[in-house]
Protein chains: 2
Amino acid sequence: MDERDTQLRECAERLALTLAQSGMQRTTARVMTALLFSRQQTMTAADLCKELHISSGAVSGAVNQLIPTGMIERAPAPGSRRDHYRFREHAWATLMGNQNALLDSMWNAAAEGLKVAGRDSAVGRRLDEMQDFYGFMQREMAALIDKWREQYEAGER
Amino acid sequence: MDERDTQLRECAERLALTLAQSGMQRTTARVMTALLFSRQQTMTAADLCKELHISSGAVSGAVNQLIPTGMIERAPAPGSRRDHYRFREHAWATLMGNQNALLDSMWNAAAEGLKVAGRDSAVGRRLDEMQDFYGFMQREMAALIDKWREQYEAGER
DNA sequence: TCGAACGTTCAGAGATCTGTAAATGCTCTG
DNA sequence: CAGAGCATTTACAGATCTCTGAACGTTCGA
């Protein structure tokens, strides 16, 4: 374990902290960044316990939150009975794509309100703007993420 | 207080709940949505206490979190010594714009890691993708928000 | 079929967050 | 300039969240 590993660990912890501050579970964030900043290709649950000084139960919980979101995945590990985890390719794009669900519920909340209040009132105008904004964002964000994928794939070659 | 007000209150509470689940403070979210779904133009701190059944201290705290982010503002209220609050015009665009700070720290986290690990390694490639993605998003998001502002303002007339 | 090696679940301890009530501070009014 | 009427601050209590440790379940190899 050379100097570099220690520095990468610090980077990982710092990022985990800011992610935690913007709503992600603390341990979930730490597991994610550990995988992101690891010099290994994959890490086992035991590796994560050791690195982060947390119990296997905590690792299990975090991992099972991260997998459904598409941030990490189980890696096939022939000849090993342990689960190996790795950070997923394009995970960030996936993460941002998931935000669409939120944009959607924002749009819906506005719609609900408009059904009750109509457009011709103070509330009506506020909600109308809100609905317009989130409708716009939903459409454009999806397009934007696709655009990035294309240009990144093109740049790879 | 007719039927509509009750229904709007419910909408407000539902939205507050989903906002709370995505990281916003519970009370802060409730104050925000109360102002958003209010049929009045503005609400005083006392109004908010009564509506949400919370103490004036809690209102004060929430309000002082919302104002710096640009979601709400104090409204001039001639002849009244109470503070009047209102939901701000284009607040949603502002909110999304604030996310840029997050995008920025993501980009930075990647940059930090790359300084340590270089680009030619497993970590290097992961961080490179991350940096590319957040760089892209930062540029495009700002543009997107401007675009919405323009088209919305155009539609108004 | 047994047992070793893991992963998962769950009750409970501990830490953290959040709202209240009361004290404090500020600003107009009379 | 006194004091009424608010807003803000603070210590603390209560609620909530989160991790641990141990029990349990599962899989695989002998």
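Note on naming: letters A, B, ... go to the chains in the order of the sequence lines (proteins, then strands), and numbering restarts at 1 for each one. Keep in mind that the numbers below use all heavy atoms, side chains included, and drop hydrogens, waters and symmetry copies.
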Which nucleotide in C/dT8, D/dA7, D/dT20 has an atom nearest any side-chain atom of A/Asn64: C/dT8
Proximal nucleotide (of D/dA7, C/dG7, C/dT20) relative to the B/Asp83 side chain: D/dA7
N/O (side chain, A/Gln25) to phosphate O (OP1/OP2, D/dC17) under 4.0 Å: no
Nearest-Å distance for atom pair CZ/C1', residues A/Arg30 and D/dT18: 12 Å
Sugar-phosphate only, base, or nothing, as touched by A/Ala46 at under 4.0 Å among non-hydrogen atoms: nothing
Parallel, tilted or perpendicular, as decided by the 30° and 60° cut-offs, for the rings of A/Phe87 and A/Trp92: tilted
Out of D/dG21, C/dC6, C/dT8, whichever nucleotide has its closest atom nearest the side chain of A/Ser55: D/dG21
Nearest-Å distance for atom pair NE2/P, residues B/His53 and C/dA21: 13 Å
Spacing between B/Arg82 atom CZ and C/dT27 atom P, to the nearest angstrom: 19 Å
Along DNA chain C (nearest heavy atom to each residue), the more 5'-positioned of A/Arg74 and B/Ile54: A/Arg74
Integer-rounded Å distance: D/dA7 P and B/Gln65 CD: 18 Å
d(CE, A/Met24; P, D/dC17) in whole Å: 18 Å
For atom CG of A/Leu48 and atom C1' of C/dC6, their distance in whole Å: 15 Å
Out of C/dT9, D/dT8, D/dC6, whichever nucleotide has its closest atom nearest the side chain of B/Tyr85: D/dT8
For a quick test of your reading: what N or O donor-acceptor pairs under 3.5 Å do the side chains of residues 112-120 of chain A make, sequence neighbours left out?
from: A/Arg119; atom 1: NE; to: A/Asp128; atom 2: OD1; distance (Å): 2.8
from: A/Arg119; atom 1: NH2; to: A/Asp128; atom 2: OD1; distance (Å): 3.2
from: A/Arg119; atom 1: NH2; to: A/Gln131; atom 2: OE1; distance (Å): 2.9

Atom-to-atom span, CG of B/Leu17 to P of D/dT16 - whole angstrom: 13 Å
A/Asp47 and A/Thr44: side chain donor to acceptor below 3.5 Å: yes
Distance-only side-chain donor-acceptor flag, A/Asn100 / A/Gln138, under 3.5 Å: no
B/Ser56 side chain, from C-beta outward: closest of C/dT20, D/dT8, C/dG7: D/dT8
Length of the line joining B/Arg26:CZ and D/dT16:P, which is rounded to integer Å: 8 Å
Pair B/Glu73-B/His84, side-chain donor/acceptor within less than 3.5 Å: no
